[in-house]
Amino acid sequence: MSNDLSSTQLPASPLSTDDAAAGAPGGSARPASVTTPSSTPAPEPEPAPTPSSDSPAPVPVVLPAAGALHGTVIDWFDEHARDLPWRRPDAGAWSVMVSEFMLQQTPVNRVLPVHAEWLERWPRPADLAAESPGEAVRAWGRLGYPRRALRLHAAATAIAHQHDGEVPREHSELLALPGIGEYTAAAVASFAYGRRHIVLDTNVRRVFARVVTGVEYPPNATTAAERKIAAALLPEDDSTAARWAAATMELGALVCAARSPRCGSCPLAARCAWRLAGSPAHEGPPRRGQTYAGTDRQVRGRLLAILRASRNPVPRALLDTAWSEPVQRARALDGLIADGLVEQLPDDHFRLPV
């Protein structure tokens, strides 16, 4: 693949997921990441349906010269990247993996102290695997979405038993670990081992949406067209590709933000299709933030807080104090049990999983 993509055109309309697999083997819809051609090839795609005669022709997207983008963004990253513990040379792959689990849907400032506590308590996957899943849930604290703690514990157990305690280097081996999907496998391979993979998180998708396609926000769900753009922009060599993945992610987090983009500080401002078009407002479906107050998520959090605070099984009467509405409370507790986050004992006591 040539790095000079100034004449490359891609259809802006969404493509089938099979087309994504053809353009970038290993593509996945959630979370978005695409492995490179060195990974296991994807199955042969089905032929794309032929558009009807009255369908509008797709508007071509002209990609900027990728080589120029790489140098500009990576130079910016070298100067402005945050000093995060999982980015330091001595961090190690386990630190990167823990951070990737924690950073899914959780801001960096909330992750930093918990990440430090985990690495101090469990500096190796085998250290976490030696403890119960409930201890992982307890140490997860209030990061939210605590099933991630169970998945990380399961991955650590598999690493300890199947990989001699070392986080695998190969994407296929990472993907085979329990609790790890396409995004996390690609991110760990890229950030921990400098491998060439496309890592598409929300921040990167927003950068590409604005710079390349000229829209304020990417679609709610990752499309095959986004994956093809990301594949076309991916640097050829491993080390540059890994830096590009980290740099575009940081650019989206610090400058090309969702609500208040700092276009005046953006190294790609002169090449940004969205800015050059006058920064048109989002025309897609309304973007609604997640609510928390009064939801089952809040009830689950309160129930787990009681269980985390106790080293002994907790009676139902104590859990009843977490939320006054009995139907919602019971539903939330049943959900925690179904998710493996809570165990019910015969005497109507409850505990974190052992």
K.L.:
In Å, rounded to the nearest 0.5 Å, how long is the span from CE of M249 to CG of L254?
P.N.:
12.0 Å
K.L.:
CG of L234 to CG of D237: how many Å apart, nearest 0.5 Å?
P.N.:
9.5 Å
K.L.:
Sequence neighbours excluded, which residues qualify as salt bridge (Lys or Arg N to Asp or Glu O under 4.0 Å) partners of D75?
P.N.:
none
K.L.:
Determine whether the aromatic ring centres of W118 and W140 lie less than 6.0 Å apart.
P.N.:
yes
K.L.:
Does any N or O in the side chain of E325 come within less than 3.5 Å of the main-chain N or O of V327, such that one atom is a donor and the other an acceptor?
P.N.:
yes
K.L.:
Give a yes or no on this: more than 12 heavy atoms of other residues, nucleotides or ligands lie within 6.0 Å of atom CG of D164.
P.N.:
no
K.L.:
Does any N or O in the side chain of R87 come within less than 3.5 Å of the main-chain N or O of R82, such that one atom is a donor and the other an acceptor?
P.N.:
yes
K.L.:
Give the intermediate values and the outcome of side-chain contact (heavy atoms from CB on, under 4.5 Å) for residues H349 and V314.
P.N.:
CA-CA 5 Å; H349 281 57; V314 171; 5.9 Å; no
K.L.:
Between S132 and H153, is any side-chain donor less than 3.5 angstrom from a side-chain acceptor?
P.N.:
no
K.L.:
Y145 ring centre to R297 NZ or CZ under 6.0 Å, with the angle to the axis within 45°?
P.N.:
yes
K.L.:
Hey, does the side chain of T106 reach the backbone of L103 with a donor-acceptor pair shorter than 3.5 angstrom?
P.N.:
no
K.L.:
Could you check whether W323 and Q328, counting side-chain N and O atoms only, form a donor-acceptor pair closer than 3.5 Å?
P.N.:
yes
K.L.:
Any chance you could lay out the side-chain contact (heavy atoms from CB on, under 4.5 Å) test for E131 and W122, step after step, and finish with the verdict?
P.N.:
CA-CA 10 Å; E131 299 221 37; W122 299 307; 3.0 Å; yes
K.L.:
Do S190 side-chain atoms and A186 backbone N/O form a donor-acceptor pair below 3.5 Å?
P.N.:
no
K.L.:
Any donor-acceptor pair under 3.5 Å linking the side chain of W76 with the backbone of C266?
P.N.:
no
K.L.:
Quick one, V199 with Y183, criterion side-chain contact (heavy atoms from CB on, under 4.5 Å). Give me CA distance, side-chain angles, the key distance, then yes/no.
P.N.:
CA-CA 6 Å; V199 186; Y183 168 81; 3.3 Å; yes
K.L.:
For the pair E100 and R148, find out whether any cationic side-chain nitrogen is under 4.0 Å from an anionic carboxylate oxygen.
P.N.:
no
K.L.:
Report the C-alpha separation of E226 and F208 in whole Å, then their side-chain angles, then the decisive distance to 0.1 Å, and conclude whether the side-chain contact (heavy atoms from CB on, under 4.5 Å) test is met.
P.N.:
CA-CA 8 Å; E226 288 181 278; F208 290 171; over 6 Å; no
K.L.:
Taking NZ, NE, NH1 and NH2 as the nitrogens, is one of them in E166 or R124 under 4.0 Å from a carboxylate oxygen of the other?
P.N.:
no
K.L.:
Does the side chain of R210 come within less than 4.5 Å of C256's, by heavy atoms?
P.N.:
yes
K.L.:
Quick check: are there more than 12 heavy atoms from other residues, nucleotides or ligands sitting under 6.0 Å from CZ of R121?
P.N.:
yes
K.L.:
Please check: side-chain N/O of E120 versus main-chain N/O of A116, any donor-acceptor pairing under 3.5 Å?
P.N.:
no
K.L.:
Under 4.0 Å between a Lys/Arg side-chain N and an Asp/Glu carboxylate O for R311 and E135?
P.N.:
yes
K.L.:
Holding to salt bridge (Lys or Arg N to Asp or Glu O under 4.0 Å), I want the full list of residues that pass it with R275, two or more places apart in sequence or in another chain.
P.N.:
none
K.L.:
Look at the side chain of T321 and the backbone N and O of L318, then say whether any donor-acceptor pair between them is shorter than 3.5 Å.
P.N.:
yes
K.L.:
Are any of the side-chain heavy atoms of W94 and L119 separated by less than 4.5 Å?
P.N.:
yes
K.L.:
Would a distance-only check, ignoring hydrogens and angles, find a side-chain to backbone donor-acceptor pair under 3.5 Å from T72 to L69?
P.N.:
no
K.L.:
Please check this pair: side chain of R138 against backbone of R308, looking for a donor-acceptor N/O pair closer than 3.5 Å.
P.N.:
yes
K.L.:
Do any pairs count as a salt bridge (charged side-chain N to carboxylate O under 4.0 Å, His left out) and have a residue in residues 326-345, sequence neighbours left out, and if so which ones?
P.N.:
R147-D339, D296-R331, R300-D339, D320-R329, E343-R351
K.L.:
Under the 3.5 angstrom rule, does the side chain of R262 hit a backbone N or O of A257 as a donor-acceptor pair?
P.N.:
no
K.L.:
Yes or no on side-chain hydrogen bond (donor to acceptor under 3.5 Å, both in side chains) for S310 and N312, after CA distance, side-chain angles and deciding distance?
P.N.:
CA-CA 5 Å; S310 175; N312 299 313; 5.1 Å; no
K.L.:
Do V204 and D201 touch side chain to side chain, with heavy atoms closer than 4.5 Å?
P.N.:
yes
K.L.:
Would you please classify the geometry between the W244 ring and the H70 ring as parallel, tilted or perpendicular, with 30° and 60° separating the classes?
P.N.:
perpendicular
K.L.:
What verdict does the side-chain hydrogen bond (donor to acceptor under 3.5 Å, both in side chains) test give for S95 and H115, after you've listed the backbone C-alpha separation in whole Å, the side-chain angles of each residue and the deciding distance to 0.1 Å?
P.N.:
CA-CA 8 Å; S95 175; H115 178 272; 3.2 Å; yes
K.L.:
Name the one of E182, H197, R196 that satisfies side-chain hydrogen bond (donor to acceptor under 3.5 Å, both in side chains) with H171?
P.N.:
E182
K.L.:
Looking at R206 and E216, is any side-chain nitrogen of the basic one under 4.0 Å from a carboxylate oxygen of the acidic one?
P.N.:
no
K.L.:
Ignoring hydrogens and angles, state whether a donor on the side chain of Q162 or T157 is under 3.5 Å from an acceptor on the partner side chain.
P.N.:
no
